[in-house]
Amino acid sequence: MAKKRNTIDVILKRAEKLFETGNYLLAEKEFKKARQKQNSPEIEEKLAICLKNTQGLKGREWVKKGQKAESRNDLSGAVSCFREADGLLHETWLGDKIREIEQRLLGCDMVAKAETAVRNKDYQAAYGFYTELAQIHENENYLSDSAVCLVKTNMFDQAVELFRSLNRLSEAARYHFGYALAKQGRYIDALGQWEMIDSNAAAFVSQQHQVLELAVEQLNASMKAGADLNGILADAGRLLGGKAVHGNDRLVKELGAISDYCRLALAAPLWETGDYGAVATLLDTMIFKKDPAITVLCAVTYYHLAEIQADYTGLMADHWLTAVYATDLARTVGDDPEKQDRVRQRLVRMAEDRINTMAGSKELNGAVARLFEIDKSLMADFLAISGSRHGSPSVPWICTPCFAKHYGLSDTVLALIRENRDYFRDEAHYLSTGACYSRVGESFYALKTRSAKDAFNLIGTMDAPDSADEFINYALGLIRFEYGKFVLENGEKNFLDYFDSTVRLFETVPGMEKQFSQEMLQYEGQYLFEHEALLGFLYQLRPSGPISEAYSFVMGQTAVNRFNRGRINNKQCHVALEKALAVDPGNEYVIHLQAQIAIDLEMEALYNAMNKRKMGKAATLATKSSFPEIRDKFFDFIEQMMEHIEDSELEKPYRIVELNELLNSCMAVDPVHPIIDTLEMKIQLLGD
């Protein structure tokens with residue numbers, strides 16, 4: 001029976017069950033048994049998971065065992081248990097506990113001697129005691145203390161070597177390690193050690209700053225000596241990414257300059273060999289890319305890359321226009337404005353040719369070309385603003401929106417736009433310019449260069465602005481408005497949801513309201529009734545002249561549409577047109593429609609009266625009507641009836657009676673109408 005319980009299959013089944021229930025301690029024992037019988041990668045994997053999960057449990061078990069041994073005064077056993085626990089838990093207090101018990105084991109003799117030597121500043125002796133303790137107990141903590149003593153005896157080389165051999169260092173030991181490195185002149189490595197110390201003590205911070213100053217001086221010296229530029233670049237990057245540089249703008253700037261110098265020096269041979277991709281990689285990590293000269297270099301690099309890689313066209317356009325319109329470029333060609341403009345236009349045409357001939361889809365090329373046109377217009381505006389600022393400094397940066405966003409210049413440009421509000425030809429020009437540089441500028445650009453759908457979808461992917469200014473409100477309102485029109489034309493039912501901010505948009509930019517109203521007046525699509533609903537929605541919120549005119553016009557169109565499709569009769573159509581005229585009493589189109597419907601209604605009444613031989617009523621309708629068409633139709637009916645009587649087989653007396661009835665009706669309407677003479681003549685002939 002025992003053999004059966006210990007077969008490999010039974011052991012594995014038992015281990016798997018324990019593993020699945022999370023009993024990793026027992027599962028570990030079973031997997032170890034299984035491994036002895038038949039090992040496999042699956043068993044090793046499960047065993048590793050068990051060991052990972054039981055490490056803490058085992059460590060705490062060893063702590064309990066150590067505490068029990070210590071309570072029994074079994075100090076050797078306690079030290080052994082606590083060491084096992086320290087190997088599993090790596091908690092600081094365990095090291096202190098082990099040292100405490102070891103001191104008790106040694107009767108505090110050697111430890112006491114070491115501590116006495118430290119107090120007496122006899123660090124050479126203390127070093128010896130700590131080294132001996134480390135050998136006896138195989139404890140790195142004593143070696144760390146030995147290394148600290150070496151530092152204090154100015155034996156920096158030995159101290160650094162010893163520190164490097166240790167696996168773990170306390171913050172105190174790490175401080176001395178850094179100090180020793182600094183004394184060796186390895187300032188960057190020293191700061192690297194101090195980076196790992198969590199302390200803001202004023203003396204320590206001051207010491208870091210001093211070493212940082214020395215590190216920067218050392219980098220400058222290495223650069224002048226022609227040392228490895230890649231190494232200098234890496235070291236400068238380490239310093240810029242460290243804590244010591246925080247708050248020291250002067251050193252940040254100096255390190256940035258060192259880094260950029262190295263990048264430019266490394267880029268020079270790459271440029272000569274035409275490796276523009278590698279040059280671009282270096283330029284992308286430049287720190288002071290806002291420097292006009294660097295902007296020019298970026299523009300030309302991206303220009304070369306855009307010839308074969310469409311991805312670089314956008315970067316080329318942003319940097320190219322920014323470089324072309326920079327004041328530095330203007331100064332290089334002289335003070336003649338006409339010459340400056342000729343050079344500028346020639347350079348712009350170069351970029352346009354590159355965009356038009358770049359590899360890529362027609363759709364992509366078209367979007368980039370449209371974006372370039374917008375940016376070119378923006379640059380022209382800012383150049384004009386710069387030239388109009390009499391007596392004040394030139395605009396520091398004439399740059400595209402993407403360039404401004406990437407280099408943190410957007411707020412500066414927006415302030416410039418607000419400062420020069422009077423320059424812009426109208427509110428739409430002013431707000432559109434600001435929208436390009438706003439936090440929703442990417443979405444606004446998508447509206448101008450791609451589609452309303454792309455623009456609207458982009459809004460959802462962008463970080464919501466903390467607060468909205470006039471430019472953001474305009475951009476968001478315009479995007480929702482244009483997307484609403486897109487949704488409307490695609491037959492979606494919720495189109496009104498996107499026009500909630502349209503009234504505010506129209507109030508801000510009245511010209512847009514007029515343009516929209518004109519579009520409505522010319523609409524001939526299949527969603528006529530939806531357009532009526534939209535205009536009705538806007539009319540309720542803003543019954544302005546343009547909206548009223550468009551709403552009334554479309555109301556007239558929908559009324560006629562329903563009438564022509566047999567959805568409503570003449571009277572209902574007349575009522576609908578009355579409502580349209582109430583919205584815009586001067587709507588000539590609706591007035592004309594109303595007149596036509598009124599004629600149709602009177603014509604229908606006239607026909608019914610004459611068809612029923614109610615000649616008096618027919619005469620009254622023809623007499624009172626304000627439409628000549630009704631009177632003419634009345635006499636047309638009389639003529640038809642007269643001919644019908646003549647062709648009938650009625651006896652003469654009856655025909656005379658009916659003709660006299662027609663004659664009397666005509667006399668009531670128009671006593672001098674020519675048909676009266678005809679009737680009188682026919683009656684006379686019948687009487688003879």
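Note that the structure is predicted; figures quoted are calculated from it, not measured.
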May I have the step-by-step check of side chain to side chain contact (heavy atoms under 4.5 Å, CB included) for V245 and L239, ending in yes or no? CA-CA 7 Å; V245 81; L239 293 176; 5.9 Å; no
Begin with the C-alpha distance, continue with both residues' side-chain angles, and end with the deciding distance and a verdict on side chain to side chain contact (heavy atoms under 4.5 Å, CB included) for L264 and L297. CA-CA 10 Å; L264 290 173; L297 180 57; 3.7 Å; yes
Using a strict 4.0 Å threshold on nitrogen-to-oxygen distance, state whether R263 and D284 make a salt bridge. no
Residue pair G66 / F82: nearest heavy atoms and the distance that separates them: C-CZ, 3.7 Å
Minimal non-hydrogen separation, L409 against C399, with atom names: CD1-SG, 4.2 Å
Aromatic rings Y302 and Y312: how do their planes relate, parallel, tilted or perpendicular, breaks at 30° and 60°? parallel
Show the nearest heavy-atom pair for residues V296 and A323, with the distance to one decimal. CG2-CB, 3.8 Å
Value rounded to 0.5 Å, distance of CG in L233 from CG in L282: 8.0 Å
Please name the pair of heavy atoms, one in M155 and one in Q124, separated by the smallest distance, quoted to 0.1 Å. SD-OE1, 3.7 Å
Within the side chain of R354, is there an N or O that forms a donor-acceptor pair under 3.5 Å with the backbone of Y303? yes
Hey, does the side chain of N457 reach the backbone of K453 with a donor-acceptor pair shorter than 3.5 angstrom? yes
Check: S451 and F486 side chains under 4.5 Å, non-hydrogen atoms: no
Would you kindly check if the NZ (Lys) or CZ (Arg) of R99 is within the cone defined by 45 degrees around the ring axis of Y142 and under 6.0 Å from the six-membered ring centre? yes
Let me see the working for K97 and E70 under salt bridge (charged side-chain N to carboxylate O under 4.0 Å, His left out), right down to the final yes or no. CA-CA 11 Å; K97 187 67 176 177; E70 185 180 8; 3.0 Å; yes
Between the CD atom in E132 and the OG atom in S146, the distance rounded to the nearest 0.5 Å is 10.5 Å
Above 12 or not: heavy atoms from other molecules or residues under 6.0 Å from CG of D411? no
With a cut-off of 6.0 Å (strictly less than), are more than 12 heavy atoms of other residues, nucleotides or ligands near CG of N200? no
Residues passing the side chain to side chain contact (heavy atoms under 4.5 Å, CB included) test with E195, sequence neighbours excluded, are K243
Exceeds 12 heavy-atom contacts within 6.0 angstrom, atom OH of Y175: yes
Tell me, with the steps shown, if M316 and L305 meet side chain to side chain contact (heavy atoms under 4.5 Å, CB included). CA-CA 9 Å; M316 182 272 291; L305 288 169; over 6 Å; no
Euclidean distance, L283 CG relative to D260 CG, rounded to 0.5 Å: 9.5 Å
Check residues 158-172 and write down every donor-acceptor pair under 3.5 Å in which the side-chain atom is one partner and the other belongs to a residue at least two apart or another chain.
| from | atom 1 | to | atom 2 | distance (Å) |
| --- | --- | --- | --- | --- |
| S165 | OG | L162 | O | 2.6 |
| N167 | ND2 | E140 | OE2 | 3.1 |
| S170 | OG | A173 | N | 3.2 |
| E171 | OE2 | D198 | N | 3.1 |

Has the side chain of S206 got a donor or acceptor atom that lies under 3.5 Å from a matching backbone atom of A202? no
Answer yes or no: is there an ion pair linking E20 with K17, defined by an N-O contact shorter than 4.0 Å? no
Test item: N494 side-chain N/O and D497 main-chain N/O as donor-acceptor pair under 3.5 Å: no
Mind checking the CD-OH spacing from E115 to Y130? Nearest 0.5 Å is all I need. 5.0 Å
Would you mind checking if E213 and R250 are paired as a salt bridge, meaning a charged N to carboxylate O distance below 4.0 Å? yes
For residues D157 and Q184, determine if any side-chain heavy atom of one lies less than 4.5 Å from a side-chain heavy atom of the other. yes
On a heavy-atom basis, which atom in H176 and which in V151 lie closest, and how many Å separate them? O-CG2, 3.8 Å
Look only at the side chain of T295 and the backbone of H319, and say whether a donor-acceptor pair between them is shorter than 3.5 Å. no
How about E442 and K405: do any of their side-chain heavy atoms sit closer than 4.5 Å? yes
Specify whether F403 and Y407 have parallel, tilted or perpendicular ring planes, treating 30° as the upper limit for parallel and 60° as the lower limit for perpendicular. tilted
Rounded to the nearest 0.5 Å, how far does CG of D235 lie from CG of D189? 8.0 Å
Go through the steps to decide whether R83 and S80 satisfy the test side-chain hydrogen bond (donor to acceptor under 3.5 Å, both in side chains), and finish with yes or no. CA-CA 5 Å; R83 282 178 180 167; S80 178; over 6 Å; no
Check the orientation of Y276 and W271. Use parallel for under 30°, tilted for 30 to 60°, and perpendicular for over 60°. perpendicular
More than 12 non-hydrogen atoms from neighbouring residues, nucleotides or ligands closer than 6.0 Å to OH on Y261, yes or no? no
Locate the shortest heavy-atom distance separating A201 from S199; write the atom from each residue and the value. N-OG, 3.3 Å
Would you indicate whether the side-chain heavy atoms of M223 and L219 approach each other to under 4.5 Å? no
Are N220 and E254 close enough that some pair of their side-chain heavy atoms sits under 4.5 Å apart? yes
With sequence neighbours left out, write down each residue that passes ring-ring contact (aromatic ring centres under 6.0 Å, His included) with F204, or none if nothing qualifies. W194
What do the steps show when you test L94 against V63 for side chain to side chain contact (heavy atoms under 4.5 Å, CB included), and what is the final call? CA-CA 9 Å; L94 283 169; V63 169; 4.2 Å; yes
OH (Y179) and NZ (K152) are apart, to the nearest 0.5 Å, by 11.0 Å
